[in-house]
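Notes follow the structure.
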Amino acid sequence: MNVLLIMILVFAGYLIMYNLYGRYLGRKIFNLTREAGVPAVEMEDGTDYVPTQKEVVFGHHFTSIAGTGPIVGPAVAIIWGWVPALIWVFVGSIFVGAVHDLGALIISMRNQGKSIADYTAKYVNNRTRFFFFFIVFLELWIFIAVLGLVIAIVFSMYPQSVFPVWCEVVIALLLGHAVYKRGKSIMIWSVVAVIAMYITVATGIYLPFNMPEIAEIPATGVWSIILLIYAFIASVLPVTTLLQPRDFINSHQLLIAMALLIAGVFASAFGGNLEIVAPAVQLNPEKAPPMWPFLFITIACGAISGFHALVSSGTSAKQVRYETDALFVGYGSMLLEGALAVLVIISVAAGIGMGYPTQDGQILTGVSAWTTHYSSWTAAAGLGSKISAFVDGSANMIAAMGIPKSLCVVVMGVFVASFAGTSLDTATRIQRYMISELFSSLKLDFLTGKYVSTFLAVATALALAFATGAGGKGALKLWPMFGAVNQTLAGLALIIIATYLKTKGGLKWIVAGIPAIAMMVLTIWALILNQTSYGASHNVLLQTVNGISLVLAVWIFIEGLIKIATVKTDAN
């Protein structure tokens, strides 16, 4: 019952804070008005700039920012205890992450839908803008390459998910055609699409697919190639063809998955089988880095993530129809992602104790289940380990309602793979925007075309993926520093938001300024510790890339603080 009470209190807190703090930000801090001009309307082109109803944009935005982030972060950070993880997710999402996402979205909408890296020049200076581009490119470069691997790992762990995940692409294309070409109701037909999606999920149980080795390329490498080719195609199509309909299906899928999880918590709690088996606080897990600052780096999505600023200012700002819709899309999506992260924490802190399958065929329960999976930082840190902790824990809770656990596992496996696929689509499209904006500023217009810039985005990710061999796991070489780079980007985005708000007069800038300073201190601290660790292990690659990131982060932080201190109020 304690688990059930925690969930109810946290969810009630999110609803209250959306209506109190969120609406305060919209009305008093950002002065949102329905009559304001927006780039989706003023620059409509039918491909990237498309005015869209807020529920559809919400579906795209949420599924893009979520991906596997709110799953893998909490699933490993729980090793420091469920209490600090829960507090950071709840407080961070309300006062840091949602402010970050909303601010990046609004500023982009007031700057022709440009990316946050591009409008850095306007609010800080051109030098900082180029440094920002480097950090953004580095993050997306690693992210795109790793997402292909994540999906490949999910397909390997849950081969029953392959059929429904690919069927979803076809269903999304048909939904997009029905809605945007034939004028059908998106609400009605998206429900039909979701029903069709879950028919394929049930069918997938009987049609598992294990990718064979092809031309001496392992399954993970083959999937990485296929997925990056898919990402290229998906990223050059108009958003109405695949991106929006797929994201809308996934938003429904999310609501269904969350409803199943919530119902599973109720069923498990009243059945007397659900109790927290993770420690409340564990300051020194075996081989783990210190909780301060790494808890705030490990849990990004669900609390605050720099990638969200790229989605807000990359794709969502080009689709929001009315400025007032930004509150629902930007602030609301972040709180919903926080709610998902809370359910993940419950799954890995309590659900895993209801039954944990070991490699030798045993089923462990209670504290022994948790301690086996989280025996050390190394044991809990692998991609497969993070995913399995959530899938097993959540499936246990859902199965308490009488649903076969085999079906529950497939449903959650498809959920993880589908969201990773959505983030892959969006990240590739955003990288295309980044590359195009950068080369446009350098007057290299022949490299700014949609197909050329997308090819560069995919080709560089493919090169990284296969840098260490045919398995497609090259991005894992840089993955250890991804969290710090991502949170550095979040801190930098908050600096831009604070600078923008400072121009509006008064103390508005504080709502972003205080979180900006906190995030920059924590991430620079983490980068310094990482630099020491990489030096001790003689990892020249990580030491070099992390060192460059550290220098740029400190530089931009100092320039940002100077700009905030000296910027003057404008009349705009």
Side-chain angles (χ1 to χ4, degrees), residues 67-69 71-72 75-76 141-170 200-201 203-235 246 357-361 378-392 395 406-407 409-425 427-428 457-480 482:
T68 58
I71 295 171
V72 297
V76 69
W141 183 44
I142 300 171
F143 194 54
I144 293 169
V146 163
L147 279 175
L149 180 61
V150 168
I151 300 171
I153 289 173
V154 173
F155 285 165
S156 175
M157 294 172 64
Y158 310 106
Q160 302 91 339
S161 68
V162 176
F163 178 73
V165 167
W166 287 107
C167 282
E168 183 187 14
V169 175
V170 178
T200 68
V201 171
T203 306
I205 297 175
Y206 305 101
L207 296 173
F209 177 76
N210 289 291
M211 177 66 73
E213 181 179 296
I214 299 177
E216 299 185 352
I217 302 176
T220 51
V222 175
W223 277 127
S224 293
I225 294 171
I226 293 172
L227 288 162
L228 286 171
I229 292 173
Y230 159 78
F232 176 91
I233 297 170
S235 300
R246 177 172 180 174
T358 62
Q359 292 183 347
D360 59 5
T378 304
L383 286 173
S385 176
K386 297 171 184 175
I387 294 168
S388 65
F390 166 69
V391 171
D392 288 336
S406 59
L407 177 59
V409 168
V410 176
V411 168
M412 301 316 292
V414 170
F415 172 66
V416 173
S418 296
F419 270 57
T422 297
S423 292
L424 177 63
D425 295 357
T428 306
V458 171
T460 51
L462 193 66
L464 176 60
F466 287 90
T468 59
K473 300 180 179 180
L476 294 181
K477 289 290 185 181
L478 293 177
W479 185 249
F482 177 82

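Everything numeric here is computed off the predicted structure, so don't read it as measured data.
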For residues [X] and [Y], determine if any side-chain heavy atom of one lies less than 4.5 Å from a side-chain heavy atom of the other.
X    : Y    : result
F163 : Y206 : no
N210 : F155 : no
V154 : S161 : yes
W223 : I153 : no
F415 : V410 : no
I226 : Y230 : no
W479 : I142 : yes

Nearest 0.5 Å, what's the [atom1]-[atom2] distance between [X] and [Y]?
X    : Y    : atom1 : atom2 : value
L149 : L476 : CG    : CG    : 5.0 Å
T220 : L227 : OG1   : CG    : 11.0 Å
L228 : I144 : CG    : CD1   : 8.0 Å

Practice problem: Would you name the heavy atoms of E216 and E213 that are closest together and state the gap between them? | Solution: CA-OE2, 3.4 Å
Self-check item: Minimal non-hydrogen separation, G413 against Y158, with atom names
Solution: CA-CD1, 4.3 Å
Just list the side-chain donor-acceptor pairs under 3.5 Å for residues 457-470, sequence neighbours left out, or say none.
residue, atom, partner, partner atom, Å
T460, OG1, L456, O, 2.7
T460, OG1, A457, O, 3.0
T468, OG1, G474, N, 3.4

Self-check item: Option among L407, V391, I71 that satisfies the side chain to side chain contact (heavy atoms under 4.5 Å, CB included) test with M412
Solution: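 Going through the options one by one, the only one that passes is V391.
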Quiz prompt | With C167, the side chain to side chain contact (heavy atoms under 4.5 Å, CB included) member among V201, T200, V162 | solution = T200
Exercise. Please name all residues satisfying side chain to side chain contact (heavy atoms under 4.5 Å, CB included) with E168, sequence neighbours left out, ordered by chain then number.
Key: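 For E168 the side chain to side chain contact (heavy atoms under 4.5 Å, CB included) partners, ignoring immediate neighbours, are M197, R246, I249, N250, Q253, S418.
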Self-check item: Residues in side chain to side chain contact (heavy atoms under 4.5 Å, CB included) contact with D392, at least two apart in sequence or another chain
Solution: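 For D392, the residues satisfying side chain to side chain contact (heavy atoms under 4.5 Å, CB included) (neighbours in sequence not counted) are Y356, P357, S388.
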Quiz prompt | Residue pair F390, V416: steps toward the side chain to side chain contact (heavy atoms under 4.5 Å, CB included) verdict | solution = CA-CA 10 Å; F390 166 69; V416 173; 4.1 Å; yes
Quiz item: When you measure from the side chain of S235 to the backbone N and O of T428, does any donor-acceptor pair fall under 3.5 Å?
Solution: no
Quiz item: Would a distance-only check, ignoring hydrogens and angles, find a side-chain to backbone donor-acceptor pair under 3.5 Å from S156 to A152?
Solution: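 Not at all, since once roles are kept as given, no pair shorter than 3.5 Å links the two residues.
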